[in-house]
Asker: 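Submitted below is the structure of interest, expressed as structure tokens.
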Amino acid sequence: IMAPLVKIASSKEFDTLAQKHANLVLEVGADNCSSCKVLMPIVQSVAARFGSRVHFAQIDLGDDPKELVKRFALKAIPTILVIKKGKLIA
């Protein structure tokens, strides 16, 4: 079963999600990224399996989330970020 990922488009949305969920996995990608399209079913499968313990979300660079790019020093896509208690740990 594929789990839908919540889309995050701003730092405010991220902060709200981080306050609600102690453990987050963020997939950073874009609709026009072929590698991102290959990775997405894997992320969705993992989210379906572990979604009860870890919340999964997505940052779509096509939505132009400049503050999130700066906040996480994003350099390439796809990228997977692991957040624990609001802090980037991996």
Side-chain angles (χ1 to χ4, degrees):
I1 298 172
M2 297 297 178
L5 302 183
V6 174
K7 285 200 171 194
I8 299 173
S10 69
S11 281
K12 184 178 178 180
E13 289 177 9
F14 168 79
D15 290 338
T16 299
L17 203 59
Q19 287 175 358
K20 288 174 70 175
H21 304 281
N23 301 308
L24 293 172
V25 173
L26 303 177
E27 185 274 335
V28 183
D31 287 339
N32 63 348
C33 167
S34 59
S35 297
C36 301
K37 289 178 184 178
V38 170
L39 181 63
M40 184 51 68
I42 298 165
V43 173
Q44 289 173 323
S45 178
V46 173
R49 184 168 180 190
F50 297 102
S52 63
R53 292 180 273 168
V54 179
H55 191 80
F56 288 77
Q58 178 183 32
I59 298 172
D60 186 340
L61 295 186
D63 295 336
D64 200 23
K66 288 182 177 78
E67 70 273 6
L68 291 172
V69 170
K70 185 176 179 181
R71 183 175 187 168
F72 295 116
L74 299 171
K75 304 263 186 250
I77 57 174
T79 297
I80 301 291
L81 303 173
V82 179
I83 311 293
K84 185 169 182 114
K85 297 181 182 172
K87 305 279 187 209
L88 178 66
I89 61 168

Asker: Go through the steps to decide whether L26 and T79 satisfy the test side chain to side chain contact (heavy atoms under 4.5 Å, CB included), and finish with yes or no.
Answerer: CA-CA 8 Å; L26 303 177; T79 297; over 6 Å; no
Asker: Determine the minimum heavy-atom distance between L5 and M40, stating which atoms define it.
Answerer: CD1-SD, 3.7 Å
Asker: Quick one: pull up CD in E27 and CD1 in I77 and give me the separation to the nearest 0.5 Å.
Answerer: 8.5 Å
Asker: Could you tell me which non-hydrogen atom of A9 sits nearest to which non-hydrogen atom of L68, and how far apart they are?
Answerer: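 For A9 and L68, the tightest heavy-atom pair comes out as C-CD1, 4.0 Å.
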Asker: Do other residues, nucleotides or ligands put more than 12 heavy atoms under 6.0 Å from K7 NZ?
Answerer: yes
Asker: Could you tell me if the side chain of I80 sits less than 4.5 Å from the side chain of V25, heavy atoms only?
Answerer: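 Yes - at least one pair of side-chain heavy atoms lies under 4.5 Å apart.
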Asker: Tell me the closest heavy-atom pair linking A18 and G86, and the distance in Å.
Answerer: CB-CA, 4.2 Å
Asker: Taking the side chain from K37 and the backbone from D31, do they hold a donor-acceptor pair closer than 3.5 Å?
Answerer: yes
Asker: Measure the spacing between CG of N23 and CZ of F50 and express it to the nearest 0.5 Å.
Answerer: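 So the CG of N23 and the CZ of F50 are separated by 12.5 Å.
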Asker: Verify the cluster assignment for L81 and L39: are they in a single hydrophobic cluster under the rule of side-chain heavy atoms below 4.5 Å apart?
Answerer: no
Asker: Using a strict 4.0 Å threshold on nitrogen-to-oxygen distance, state whether R71 and D15 make a salt bridge.
Answerer: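 Salt bridge flag = yes for D15 with R71.
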Asker: How many angstroms lie between CG in L61 and NZ in K66, if you round to the nearest 0.5 Å?
Answerer: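 Taking CG in L61 and NZ in K66, the distance rounds to 11.0 Å.
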Asker: Would you say E67's side chain and S11's backbone share a donor-acceptor pair under 3.5 angstrom?
Answerer: yes
Asker: Is a side-chain donor or acceptor of D60 paired with a backbone partner of G62 at a separation under 3.5 angstrom?
Answerer: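 Between the backbone of G62 and the side chain of D60 there is a qualifying donor-acceptor contact (under 3.5 Å).
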Asker: Please round to the nearest 0.5 Å and tell me the distance separating atom CZ of F56 and atom NE2 of H21.
Answerer: 12.0 Å
Asker: Test I83 against F14 for side chain to side chain contact (heavy atoms under 4.5 Å, CB included), laying out the working first.
Answerer: CA-CA 10 Å; I83 311 293; F14 168 79; 3.9 Å; yes
Asker: Would you indicate whether the side-chain heavy atoms of S10 and P65 approach each other to under 4.5 Å?
Answerer: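 Side-chain contact under 4.5 Å: no.
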Asker: Test of understanding: clusters of I, L, V, M, F, W, Y form through side-chain heavy atoms closer than 4.5 Å, transitively. Do L74 and L17 belong to the same one?
Answerer: yes
Asker: Supply the atom-to-atom distance L24 CG to I89 CD1, rounded to the nearest 0.5 angstrom.
Answerer: 10.0 Å
Asker: Quick one: does S45's side chain have a donor or acceptor within less than 3.5 Å of a partner on P41's backbone?
Answerer: no
Asker: Walk me through whether V28 and Q58 qualify under side chain to side chain contact (heavy atoms under 4.5 Å, CB included).
Answerer: CA-CA 6 Å; V28 183; Q58 178 183 32; over 6 Å; no
Asker: Please step through side chain to side chain contact (heavy atoms under 4.5 Å, CB included) for the pair L88 and V82, ending with a clear verdict.
Answerer: CA-CA 6 Å; L88 178 66; V82 179; 5.9 Å; no
